[in-house]
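Below you'll find the structure, written out as C-alpha cells, and then a few comments.
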Amino acid sequence: MLIPVRCFTCGNLIADKYEDYQNRIKSGEEPAKVLDSLGFKRYCCRRMLMTSVETIQQIIPFYEAIQRRYLEVQSELE
Amino acid sequence: MSVKIKGAPLQYANALRRICLNGVPVFAIDTVDVIDNSSVMSDEGVAHRLGLIPLKTDLKRFAEPSKCSCQSKSGCSNCRVMLVIDSGETDTTRTIYSSELSSEDDTVKAVSDKIPIVQLAPGQKLKVEAYARLGRGSDHAKWNSANVSVLTHTDKPDEYVLTLETTGALSPEQILVAGVDELESRLQEFKQTISELKA
C-alpha cells in the first residue's frame, strides 16, 4: 500500500526519505545518485525505495469520487 | 559508529556484538486501540506501521514492564507511554505523518517527523490510541536496538572492530554502554545460577 516504514532486511528507517526520493527522481535526477545522497549504502535499503509502488495512490481516487458523489446528492436533497 | 576493542577475548567481543544487536531494550508501540478508522488501510495495517516507527528512548526514566515495580498488566507511567493520533475531518486528500503522533511524554516521540502512516481521502478519519513500551529484539524485530552490529578482525590478534548502526531510538554510544551493562548483568545472573547449582 504505502512505502514500508523500515527496510525488510536490515530494519533501517526508510519511509521518511521516500517522498524526497520520489520528488527528486521525477525532476530527472539519477536514482543511484539520489540514493547515495540520502545515505543508503546497503543494497537491501536501496531496493526498498527503488521497487516500492504505492498502490494506495490508485485506490484513493475512488474514495474521492465517492465523497464527491455524496456531496452532490446532499446538495440535490437540499 | 566503529569502536576498536583491544585486549578483550573474542568470546566477550562477540557476546557484546549480539547484545548490542537485540539485547538492549528500546521503545516501540505495542498495543493499539483503534477508535475510528475509515481509511483504506486495515486496522492491523495501521497498527503494524505504528509498531515499526522507531521512538526515541530514555533508558534511565523507564523500566521494562516485566521489571517495573507496578507489576500490573496494563502498565503504569514508568513502563508505558500513550501516543495518540486524531486526524479530524479533511476536505482534501492528505497524508498522516508521524509528526501527528502526539505523545504524553516529551522524550518518547518518533525519530523522524516525516514517516507516512496512512493516506486519507476526503471524509475519511483515523483516530487511534497507541501504547508504547520497552521491549527486546528477541521478542520482535521492531525492538531491535541496532540494525547493524558487526565484528571485524584487524591484522593484530586480540583486537577487533565493532561497527554499530541504529535507527535513532538510541545512539550507538548509548547502545554500547547499555550493552556492556546488560552483558555484565547476564554474566552475574549466570554466575548466581551456577553457584546455586553447586550448593
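Numbers restart at 1 for each chain; the letters A, B, ... are given by sequence-line order, proteins then strands.
- Tyr70(A) and Val40(B) fall into different hydrophobic clusters, defined by Ile, Leu, Val, Met, Phe, Trp and Tyr side-chain heavy atoms under 4.5 Å apart, directly or through other members.
- Hydrophobic clustering of Ile, Leu, Val, Met, Phe, Trp and Tyr side chains at less than 4.5 Å, counting indirect connections, keeps Ile5(B) apart from Val150(B).
- Across Pro116(B), Pro122(B), Ser112(B), the residue that shares the most heavy-atom pairs under 4.5 angstrom with chain A is Pro122(B).
- Residue Ser42(B) holds its OG atom at 8.0 Å from CE of Met1(A), rounded to the nearest 0.5 Å.
- Here the CG-CG distance, from Leu13(A) to Leu52(B), works out to 9.5 Å after rounding to the nearest 0.5 Å.
- The local environment of NZ in Lys56(B) is crowded, with over 12 non-hydrogen atoms from other residues, nucleotides or ligands closer than 6.0 Å.
- Grouping the Ile, Leu, Val, Met, Phe, Trp and Tyr side chains by contacts below 4.5 angstrom, directly or via other members, places Ile3(A) apart from Ile115(B).
- No chain of hydrophobic side-chain contacts below 4.5 Å, direct or via other Ile, Leu, Val, Met, Phe, Trp or Tyr residues, connects Val5(A) to Met48(A).
- Gln119(B) and Tyr63(A) are not linked by any side-chain donor-acceptor pair at a separation below 3.5 angstrom, with hydrogens and angles left out of the test.
- Separation of atoms CG (Asn147(B)) and CZ (Arg6(A)) is listed at 7.5 Å; rounding is to 0.5 Å.
- Using a 4.5 Å cut-off between heavy atoms, Arg42(A) touches chain B through its side chain atoms alone.
- Contact tally against chain A (heavy-atom pairs below 4.5 Å) for Gln124(B), Arg49(B), Lys142(B): the top residue is Arg49(B).
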Would you check, one step at a time, whether the test side-chain contact (heavy atoms from CB on, under 4.5 Å) holds for Asn12(A) with Glu165(B)? CA-CA 9 Å; Asn12(A) 192 20; Glu165(B) 189 192 301; 3.9 Å; yes
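- For Val148(B), the part lying near chain A is the side chain, with the backbone staying farther off; criterion is any non-hydrogen pair under 4.5 Å.
- If you measure heavy-atom distances from Glu19(A) to chain B, the contacts under 4.5 Å come from the side chain alone.
- Linking Ile, Leu, Val, Met, Phe, Trp and Tyr residues whenever their side-chain heavy atoms come within less than 4.5 Å leaves Tyr131(B) and Val32(B) in two separate clusters.
- Around the CE atom of Met82(B), the shell of radius 6.0 Å holds more than 12 heavy atoms that belong to other residues, nucleotides or ligands.
- Heavy atoms closer than 4.5 Å to chain B are found in the side chain of Ile59(A), but not in its backbone.
- Heavy atoms of Ile14(A) lying under 4.5 Å from chain B are absent altogether.
- No more than 12 heavy atoms of other residues, nucleotides or ligands shown are found within 6.0 angstrom of CZ on Arg18(B).
- With a threshold of 4.5 angstrom between heavy atoms, Pro4(A) approaches chain B through N, CA, C or O but not through any side-chain atom.
- With rounding to the nearest 0.5 Å, the separation of CD1 in Ile117(B) from CG in Leu2(A) is 10.0 Å.
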